[in-house]
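On a predicted model such as this, the values are computed, not experimentally measured, just so you know.
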Amino acid sequence: VTCPWVLCGVLGLNFAEASAFIVSATVLHGLIWNALHPAMHGLPNVPIAEGLPSSWLKGLRGSAYFNWLYANHQGHHVLSGRCNYNVCAPLVDH
């Protein structure tokens, strides 16, 4: 199932609940991505003028969570970008 609304429907959520869940999950993913991914590549923080700001979750950097994600993401580059696409939730990679 690739459509998030279908998945949420299977889970018993109505359209409003599914939409709130999907928007919340998307914002959380964006915040984690912007806090971690630029730092993984030595890039500057993302300012709020350009997107969800890196500063909101920068405390994750250096944590065991960040180190685990970083190690997983290194495999993405070592294997020429053929795997480990999901920086924030590697267990859902395909």
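Nearest heavy-atom pair, Asn34 versus Gly51, reported as atom, atom and distance to 0.1 Å: ND2-C, 4.4 Å. Across all non-hydrogen atoms, the minimal contact from Leu36 to Leu69 is CD1-CD1, 3.4 Å. The two residues Pro44 and Pro38 have their closest heavy-atom pair at O-CB, 3.7 Å.
The distance from the OG1 atom of Thr26 to the CG atom of Leu31 is 11.0 Å, given to the nearest 0.5 Å.
By the side-chain contact (heavy atoms from CB on, under 4.5 Å) test, Ile48 pairs with Pro53, Trp56, sequence neighbours left out.
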Give the table of side-chain donor-acceptor pairs shorter than 3.5 Å for residues 57-64, with sequence neighbours excluded, one pair per line with atom names and distance.
residue, atom, partner, partner atom, Å
Arg61, NE, Ala35, O, 2.7
Arg61, NH1, Asn45, OD1, 3.2
Arg61, NH2, Ala35, O, 3.1
Arg61, NH2, Asn45, OD1, 2.6
Ser63, OG, Leu60, O, 2.5
Ser63, OG, Tyr65, N, 3.4
Ser63, OG, Phe66, N, 3.1

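In terms of modelled atom types and a separation under 3.5 Å, the side chain of Glu17 and the main chain of Asn14 share a donor-acceptor contact.
Hydrophobic clustering (ILVMFWY, side-chain heavy atoms < 4.5 Å, transitive): Trp33 and Trp68 are in one cluster.
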